[in-house]
Amino acid sequence: MNKIRKSGMTLVELMVATVLAAMVIGAAMNIWSYARRHISRTTTRQILQMDAQRILTQLKADMKAARAETFKSTEDPLTLEFKRYVVDEKDNTKLSADKIEEIRYVFARPILRRQVAGSYQKTLSTNVDNIKVKRKELTEAQRKDDSYLEARVDIALDLMAKAPGTDIEERFSQHTSAVIRDEFYSLANKEREEVLTIASKVAEELDKPTDSSFFN
């Protein structure tokens with residue numbers, strides 16, 4: 001009489017297979033979770049970098065086109081107000097000499113907005129942790145001899161955002177400077193006029209036939 005052989009899995013084999021499957025699935029989930037966090041953090045950093053580039057590009061363009069002696073700023077919260085020359089309609093590489101618009105920046109953490117008076121308000125970023133815009137601080141000697149350096153504006157920007165699906169905060173900081181051209185030329189020309197005035201006086205004294213006490 002032939003014996004019938006029965007094939008199947010014992011309870012021990014089933015438990016071993018379950019444990020191995022759980023280990024494989026667990027490892028796969030860990031790899032997937034790590035990859036997802038890495039992608040989320042990388043994407044967040046890219047967003048912060050793009051925000052910083054957009055903010056600084058706009059700020060530098062506004063600073064360069066600002067009208068002399070119109071720049072005003074406050075801190076906590078930061079606000080910037082100034083008038084700037086509008087880009088020429090016929091030549092976008094030049095600024096119009098007679099058209100001016102009023103610009104206002106308002107920062108209320110984490111939102112930075114730019115507004116053109118009488119027109120639209122644009123949100124530049126919703127990830128700003130801090131922003132500082134300061135004029136170049138001069139010593140007494142610099143203010144006397146190199147006052148045109150006051151036309152320089154220093155900008156410090158700090159961005160922060162939490163990567164989606166994580167508790168990790170990504171940060172990005174960038175510093176730059178811009179020059180208010182209209183103010184720079186005004187200050188430079190003022191110094192130039194003073195130098196020319198002194199030079200004229202010197203020339204007048206040199207032309208005198210008698211001894212002069214001018215240089216004393």
Side-chain angles (χ1 to χ4, degrees), residues 45-161 171-193:
R45 285 195 292 267
Q46 291 174 345
I47 291 173
L48 295 180
Q49 290 175 4
M50 289 189 293
D51 278 7
Q53 183 178 8
R54 178 170 56 254
I55 292 170
L56 296 179
T57 298
Q58 184 66 72
L59 265 172
K60 290 177 72 173
D62 283 340
M63 293 293 101
K64 290 178 181 179
R67 186 176 183 178
E69 301 180 357
T70 64
F71 184 87
K72 299 177 183 178
S73 65
T74 62
E75 296 183 5
D76 298 326
L78 172 77
T79 61
L80 300 176
E81 293 182 1
F82 54 89
K83 296 178 181 180
R84 62 156 289 172
Y85 295 100
V86 180
V87 176
D88 194 291
E89 296 179 355
K90 297 180 180 179
D91 186 353
N92 58 11
T93 63
K94 298 180 180 180
L95 297 176
S96 174
D98 53 356
K99 290 186 178 181
I100 294 175
E101 59 186 8
E102 295 183 11
I103 304 296
R104 178 180 172 85
Y105 282 84
V106 178
F107 171 54
R109 186 179 289 110
I111 301 173
L112 177 65
R113 294 187 175 93
R114 175 184 183 271
Q115 184 175 15
V116 179
S119 184
Y120 61 91
Q121 186 180 70
K122 179 181 179 182
T123 298
L124 296 177
S125 175
T126 58
N127 299 311
V128 180
D129 187 51
N130 195 24
I131 181 170
K132 293 183 179 180
V133 179
K134 297 179 64 177
R135 301 294 297 271
K136 175 69 175 177
E137 296 181 1
L138 303 182
T139 63
E140 288 298 326
Q142 287 176 321
R143 190 171 289 107
K144 181 179 179 181
D145 301 328
D146 302 310
S147 61
Y148 60 86
L149 293 177
E150 288 182 331
R152 171 177 156 180
V153 180
D154 296 323
I155 306 168
L157 179 64
D158 298 314
L159 300 177
M160 187 276 290
R171 294 182 175 274
F172 183 81
S173 299
Q174 191 166 345
H175 297 184
T176 189
S177 298
V179 174
I180 302 177
R181 293 178 178 176
D182 191 37
E183 198 157 304
F184 173 84
Y185 292 133
S186 296
L187 292 169
N189 287 336
K190 181 180 179 182
E191 288 192 359
R192 184 181 177 186
E193 290 174 1

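- Within the 4.5 Å cutoff, the side chain of L157 has heavy atoms near those of the I55 side chain.
- Remark: R113 CZ to T123 OG1 distance equals 4.5 Å, nearest 0.5 Å.
- Here E81 contributes atom CD and Q115 contributes atom CD; the two are 10.0 Å apart, rounded to the nearest 0.5 Å.
- Note that the OG1 atom of T79 and the CZ atom of R104 stand 5.5 Å from one another [nearest 0.5 Å].
- Side-chain N or O atoms of R54 include one that pairs as donor or acceptor with a backbone N or O of L124 at under 3.5 Å.
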_Audit row: V128, I111, side chain to side chain contact (heavy atoms under 4.5 Å, CB included) steps and yes/no_ = CA-CA 6 Å; V128 180; I111 301 173; over 6 Å; no
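- More than 12 heavy-atom neighbours from other residues, nucleotides or ligands sit within 6.0 angstrom of CD on Q49.
- Within 6.0 Å of CZ on R45 lie more than 12 heavy atoms contributed by other residues, nucleotides or ligands.
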*Walk me through it: do F71 and I180 pass the test side chain to side chain contact (heavy atoms under 4.5 Å, CB included)?*
CA-CA 9 Å; F71 184 87; I180 302 177; 4.3 Å; yes
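- Residues Y85 and D182 form a side-chain contact, since some pair of their non-hydrogen atoms from C-beta on lies under 4.5 Å apart.
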*Can L56 and I155 be said to form a side chain to side chain contact (heavy atoms under 4.5 Å, CB included), step by step?*
CA-CA 8 Å; L56 296 179; I155 306 168; 3.7 Å; yes
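- With contacts defined as side-chain heavy-atom distances shorter than 4.5 Å, the pair L80/L59 qualifies.
- Under a 3.5 Å cut-off, the side chain of S125 and the backbone N or O of N127 do form a donor-acceptor pair.
- Closest approach of S177 to K60, counting heavy atoms only: O-CE, 3.7 Å.
- The existence of a salt bridge linking D62 and R114 is confirmed by a sub-4.0 Å separation between a basic side-chain nitrogen and an acidic carboxylate oxygen.
- A salt bridge does not link D158 with R171: every distance from a Lys NZ or Arg NE/NH1/NH2 to an Asp or Glu carboxylate oxygen is 4.0 Å or more.
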*Determine, step by step, whether L78 and K132 satisfy the side chain to side chain contact (heavy atoms under 4.5 Å, CB included) criterion, reporting the C-alpha distance in whole Å, the side-chain angles of both residues, the deciding distance to 0.1 Å, and the verdict.*
CA-CA 7 Å; L78 172 77; K132 293 183 179 180; over 6 Å; no
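- Considering only heavy atoms from C-beta on, Q58 comes within 4.5 Å of Y105 through its side chain.
- Using a 4.5 Å cut-off on side-chain heavy atoms (C-beta onward), V179 and M63 make no contact.
- Although no hydrogens or angles enter the test, the distance criterion places a donor-acceptor pair under 3.5 Å between the side chain of T70 and the main chain of R67.
- Proximity of R84 to E101: side-chain heavy atoms (C-beta onward) are separated by under 4.5 Å at one or more points.
- Between R152 and E183 there is no salt bridge, since none of the side-chain N atoms of the basic residue sits less than 4.0 Å from a carboxylate O of the acidic one.
- Inter-residue side-chain proximity for D129 and R109 is flagged as met; some heavy-atom pair is nearer than 4.5 Å.
- More than 12 heavy-atom neighbours from other residues, nucleotides or ligands sit within 6.0 angstrom of CD on Q121.
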